[in-house]
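Following: one structure in structure tokens, then a few remarks.
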Amino acid sequence: MSKPLIRVLLVEDDAVDRMACRRALARNLDYEFLLSEAESGQEGLQLAHEQQPDCVLLDYHLPDLNGLEFLAALTDDTGAVSIPVMMLTGTDNATIAVEAMKRGARDYLIKDVEHQYLELLPAVIQRVLSERRMLTEKKLAEDKLAQAEAKYRSLVETIPAIVYIAALDGTNRFLYVSSRIEMLGFPPEQWLNDPDVLLARTHPDDRQRTLEERAKSRATGAPLRCEYRLLSHAGTVLWFRDEASVVHDESGRSLFLQGILVDITESKQAEAELREHRYRLEELVAKRTDELARVNAELRRDIAERKLIETELTKAKTDAEKANFAKSEFLSSMSHELRSPLNFMLGFSQLMESSTPPPTFTQMTMLKEINAAGWYLLELINKILDLATIESGKLIVSQEPMCLGEVMVESRTMVEPQAQEHGIQLIFPPADMHFFVKADRTRVKQVLINLLSNAIKYNREGGTVEVTCDMIAPERIRVSVRDTGTGLPPEKLTQLFQQFNRLGQEAGSVEGTGIGLVVTKQLIELMGGEIGVESTVGVGSVFWFELMSDAAPELRAAGSKNEEFGTEG
């Protein structure tokens, strides 16, 4: 097994002493010494720089340098002797050896006459090297510690919180605090030098609670976690969350409290705003709840009142329907009762006109007035009878195909004398027009004659009445009666189809009952149709009605035969 190697530089001008040292080192059983020798100081310095030996054995008296000068030349820029040097001096140079120790020598041996120092030489060299190794390891450890501390400080300075280390002796003094403490307006030194600074800057309302939490953590070793307010140098109140833990050594002994102070002012403000919003929201909810309860109570009252009104309206409607039915029955009965004596009076007046001798001029004039009034009264009674029949639901209309062209020809014949009397020009579609609708022929003729009669009566002298017929939809035909009268303003159009409403014409020269358009509208609606009016003041009016279209009876019959023929084939 090889022995550890130690390189030794011997700087000695005495050959006998060099040989003695060589022999002493060679006899060592634990180490193998590799010896280099120099006879002068300059030679020794050169070999020391070139070989970098583990140890230098330096004689104080050299031809060119003494031991102190050699040490001075071997010292580096930091003032340290990098290679361990052991001084060899005579018995008369003990004081010099001590001075050499001050200048950087690690140890010394005094040369005695019996050469006993040679027996100690290997052990001293081993001790010097061991001390050097320990110093080197210590320096490495210190360097590592300094590096770790530098890394820790660098890391701590980047944390967005105040990092601290506090003593556990009950004083709460700070052993370390990061530069983030400046956010409170204080330099770190002030917090390190003043043990009462934390308590002094804690908000008065939070001091007792904070002291109790710290005492509990110190007594039990449990982690510390609490929130409290700190006052900055400017007096601003800031909220912090303090989180710390007790650091123990390997034996479990508590060393210090290490923690961080996190600024939670913004979150606390947000919590306060949230509480305020929640409080306001609860107030609004309570207010809205009260309002809703009040509205519900009012709504229940309104519903009860509405139900009462609906009950009364239903009763009133029933009573009105009964009264209307009674009115219709009365009008129908009275119309029948009035027509018989009226027909008798008209017949008697006509008989008097043709009697012999003939009536005088005055009598003839009175008879014509009686006839005109009688015929007007008979027309009124007939319309009232129609209206009563419709309102009582007794009027039955037939729904069958009918030709509009035929009805128009017949209607024109009936109103032609009236138009000629007023100088009105009548314009109708061609006589061979074939538009068929599904309706009651008699009632359609009655509607058309009434619209034509009104168009003539309320027209201007020499005016025009034009009748058109158009297919406005695949199953819808519109008949329009256009006149060149004075027209009606919008506010009067809404009153057209009201019973006995002549729109202010009661005192005019045109006779009327105010019933014709009402009957016309109800007849059209009974046949599934629709009626309307468009009017412009100073231009005239257009009354129109629409009915469902239908095929001609001949075409329908032919289609049925074709279907039967196709079925048989």
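Worth saying up front: this structure is predicted, and the values here are computed from it rather than measured.
Ion pairing of Glu99 with Arg103 is present here, as a side-chain N (NZ or NE/NH1/NH2) and a carboxylate O approach within less than 4.0 Å. A salt bridge links Glu276 with Arg280: at least one charged nitrogen is closer than 4.0 Å to a carboxylate oxygen. Salt bridge status for Lys287 with Asp290: absent, with no side-chain N to carboxylate O gap under 4.0 Å. Between Arg253 and Asp249, at least one side-chain nitrogen of the basic residue sits less than 4.0 Å from a carboxylate oxygen of the acidic one, meeting the salt-bridge criterion. A salt bridge is defined here as a Lys NZ or Arg NE, NH1 or NH2 lying under 4.0 Å from an Asp or Glu carboxylate O, and Glu243 with Arg241 meets this definition. Under 4.0 Å is where a charged nitrogen must lie from a carboxylate oxygen, and between Asp470 and Arg478 no such pair does.
Separating the CG atom in Leu9 from the CD atom in Gln52 is a distance of 10.5 Å, to the nearest 0.5 Å. Atom CG of Leu308 sits about 13.5 Å away from atom CD1 of Ile303, to the nearest 0.5 Å. A distance of 10.0 Å separates OH of Tyr176 from CD of Gln258, quoted to the nearest 0.5 Å.
Under the 4.5 Å side-chain criterion, counting only non-hydrogen atoms from C-beta, Ile125 is in contact with Met86. Using a 4.5 Å heavy-atom cutoff, the side chains of Leu45 and Leu74 are in contact.
Glu266 CD: 12 or fewer foreign heavy atoms inside a 6.0 Å radius. The local environment of CZ in Arg18 is crowded, with over 12 non-hydrogen atoms from other residues, nucleotides or ligands closer than 6.0 Å. By the 6.0 Å contact criterion, CD on Glu69 is enclosed, its count of non-hydrogen atoms from other residues, nucleotides or ligands being greater than 12. Counting heavy atoms of neighbouring residues, nucleotides and ligands inside a 6.0 Å radius, atom CZ of Arg209 exceeds 12 of them. Heavy atoms from other residues, nucleotides or ligands lying under 6.0 Å from NE2 of His49 number more than 12. Around atom CG of Leu29, no more than 12 heavy atoms belonging to other residues, nucleotides or ligands sit under 6.0 Å away.
A side-chain hydrogen bond (donor to acceptor under 3.5 Å, both in side chains) with Tyr228 is found for one member of Thr210, Asp242, Thr202 and no other, namely Asp242.
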In sequence, state the C-alpha distance, the side-chain angles, and the governing distance for Leu184 and Ser232, and then conclude on side-chain contact (heavy atoms from CB on, under 4.5 Å). CA-CA 4 Å; Leu184 290 171; Ser232 69; 4.2 Å; yes
Would you please test Ile162 and Val177 for side-chain contact (heavy atoms from CB on, under 4.5 Å) and show each step? CA-CA 7 Å; Ile162 301 172; Val177 66; 3.8 Å; yes
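A pairwise comparison of heavy atoms in Val542 and Ser480 identifies CG1-CB, 4.0 Å as the closest pair.
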